[in-house]
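See structure below.
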Amino acid sequence: MSTELRRARNRQMVIFLLVCVGMVILSGRLYDWQVIHGPQLARAADAEHIQNQTLNAPRGRIYDATGQLLATNVVRDDVYIEPSQLVTDYPDTYQAERDAVIQKLSGVLTNIPLEKLKSAFDSSVPTVRVAISITPDQSQKLKDLHLPYTFLEPRTWRTYPGGDLAAQVLGYVQEDASGGSPQGIYGVEKKYNTQLSGKAGSFTAETDLNGNPLTVGPSAEQDAVNGDDITLTIDSTIQYQLQNELEARVKQMGAESGTAVVLNARTGAIVAMTGAPTFDPNNYSKYASDTGCRGQLEVYSNPALYCAYEPGSTMKAITMAAALDQHLIKPTDTIQDTGTLTFNDGTPPVENWHNLGYGTESMTQVLEHSANVGAAWVVTQKLGSKGFYPYLQRFGFGQRTDVLDPESAGTYRTPDSKDWSPSDLARQSFGQSIQVTPLQMASAYQAIANGGTLMQPYLVSSLRDKDHTTTIQPHEERQVISAEAAKTLGLMLESAANYNKEGVPGYRAAIKTGTATIQGLVDTNTDASMAGFLPVSNPQFVILVKIDHPTATIYGGGAAGPVWREIAQQLMWHYGIPPDAAG
């Protein structure tokens, strides 16, 4: 064999071996791709051309008792621009093209400064959002312009047609940063967030390179389930009047804040409930630094449920209720009121306001005069701890109503508390050494108005999904006092209202005022309140109004009375309640 032939065969052998090695390597790589990493690569490939999209469910709407919309949804467009694409398309004339787009864009988005638009275009990123939730008119104008490098993306927004109407009842909705369903914050939006949110759906489809679904490709869709619609017991007409009256009165009195509640005396339904100051849930972020309830709570919190306070003399009706129910007193029973009541057990003396003494004084007159001495005498000489504290519990003090969150339960000391003393018993009889919420106190008066039967206060009357409506029925909590005791106490409170000229023309009203001083503060720093119901002959509504630290007048009747009487009159007119007062 010649040398040349041998060399040729060696070259062939080398080439053959190289081919074999290459085949082995290629086979190994194919095995690695198809067997070892096959499932992982398949999933990655699917991720590039199969789109999985969550379909958020429309949030349920909220209505008032008359069917008026309090919360609903609207679709508004956000405006995006594409800076990097503009640079790519016009590398040499970029600035001129940019300015031309900006000029037309700013003609529609007049509230956005030119410098902001220029800065957005100069960012050289794929997309930039330059406007949020523009008006429908602006959206149409931009669509008509057909601006290049600009596009609109629709988004659903929660809106409250009434502005600040019942804001602390409704709460607000906050967008979810991860793109999920918006979340309710405070009020009904939070308490019933699950029901209002509904159930998100999904959409899966094979897409082209631009992300557009292929009509010939496989797809799957799971429909979203709309959130439930909720109807409240709130009457928007009364709510509007109550808010306006309370807000105006807080300003007139130079007060820090205020709260007001209206209940249906028979069912416990909340007809209106508000605090001042309040906020607009359409622009809730503007109020982030605002406070309510004497500056102690966020303005978003509902003070009727969360602003516990010492109720003062409105508690005297509860003391009388306990004693009447146990037949320990009669309205005509008398005491000698010197203006001061002393004790032998170390309890500090109890004094009437300004140490006024009323001489021979009936139990009805104790309420008329709002005498601390009379209330303390009833609780210490007639009721005692065993006859008083069970009634505080039965009336619902120290217990949450679970109407909304957050809510305070209130608090009071009992003989089982390690720091209790007989002084607490005496002072609690006239509304000191006890913390209650406005809703708790309104509910206590509701029980008196309703023949002694306490109803569970409630705010939601029905929930409606696509198939059916669930109606919330009034719920009886318990019989707190006898119907006889409730009727007697109602007449005593009517006498107190007439004596102090606190009534409503044409109607018999049962009312008690409260002027509670704050421990550690000067006597002029009061929580001024009025609680009661009307008409006495057939009670329909309970009203409580509280003004925090009024400065024009510190007394319950003077500060809270005008709001109470105005709303009482409006309720009688609005619901067509016939007058029951003689003459």
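Computed from heavy atoms alone, side chains included, the values below leave out hydrogens, waters and symmetry copies. Residue indices begin at 1 and follow the sequence shown.
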Query - T72 (side chain) donor-acceptor with R61 (main chain) under 3.5 angstrom - result: no
Report task. Please round to the nearest 0.5 Å and tell me the distance separating atom OG1 of T411 and atom CZ of F397. Result -> 13.0 Å
**Report entry** H146: partners by side-chain contact (heavy atoms from CB on, under 4.5 Å), with sequence neighbours left out
**Finding:** none
**Report entry** Gap between atom CD of Q239 and atom CD1 of I567 - 0.5 Å precision
**Finding:** 9.5 Å
Query - Reported OG1-to-CG distance for the pair T233 and D64, which is rounded to 0.5 angstrom - result: 9.5 Å
Query raised in the report: When you check the gap from the basic side-chain N to the acidic O, do R158 and E175 get nearer than 4.0 Å?
Result: no
**Report entry** Side-chain (Q195) to main-chain (G227) donor-acceptor, under 3.5 angstrom
**Finding:** no
Requested in this report: Quick one: which residue pairs count as a side-chain hydrogen bond (donor to acceptor under 3.5 Å, both in side chains) with a foot in residues 98-116, not counting sequence neighbours?
Outcome: R98-D122
Requested in this report: Could you tell me which residues satisfy salt bridge (charged side-chain N to carboxylate O under 4.0 Å, His left out) with R394, sequence neighbours excluded, listed by chain and number?
Outcome: none
Query - Residue pairs passing the side-chain hydrogen bond (donor to acceptor under 3.5 Å, both in side chains) test where at least one lies in residues 269-280, sequence neighbours excluded - result: D280-N282
**Report entry** Partners passing ring pair (Phe, Tyr, Trp, His ring centres under 6.0 Å) against Y90 (at least two apart in sequence or in another chain)
**Finding:** none
Requested in this report: To the nearest 0.5 angstrom, please state how far the NZ atom of K546 sits from the SG atom of C307.
Outcome: 4.0 Å
Which donor-acceptor pairs under 3.5 Å do the side chains of residues 253-264 make with protein atoms, sequence neighbours left out?
{"from": "E256", "atom 1": "OE2", "to": "H549", "atom 2": "ND1", "distance (Å)": "2.8"}
{"from": "S257", "atom 1": "OG", "to": "R294", "atom 2": "N", "distance (Å)": "2.9"}
{"from": "S257", "atom 1": "OG", "to": "D548", "atom 2": "OD2", "distance (Å)": "2.5"}
{"from": "N264", "atom 1": "OD1", "to": "R266", "atom 2": "N", "distance (Å)": "2.8"}
{"from": "N264", "atom 1": "OD1", "to": "T267", "atom 2": "N", "distance (Å)": "3.1"}
{"from": "N264", "atom 1": "OD1", "to": "T267", "atom 2": "OG1", "distance (Å)": "3.4"}

Query raised in the report: What is the distance from atom OH of Y63 to atom CG of L69, rounded to the nearest 0.5 Å?
Result: 4.5 Å
Query raised in the report: Just how far is it from atom OG1 of T314 to atom CG of D527, taken to the nearest 0.5 Å?
Result: 10.0 Å
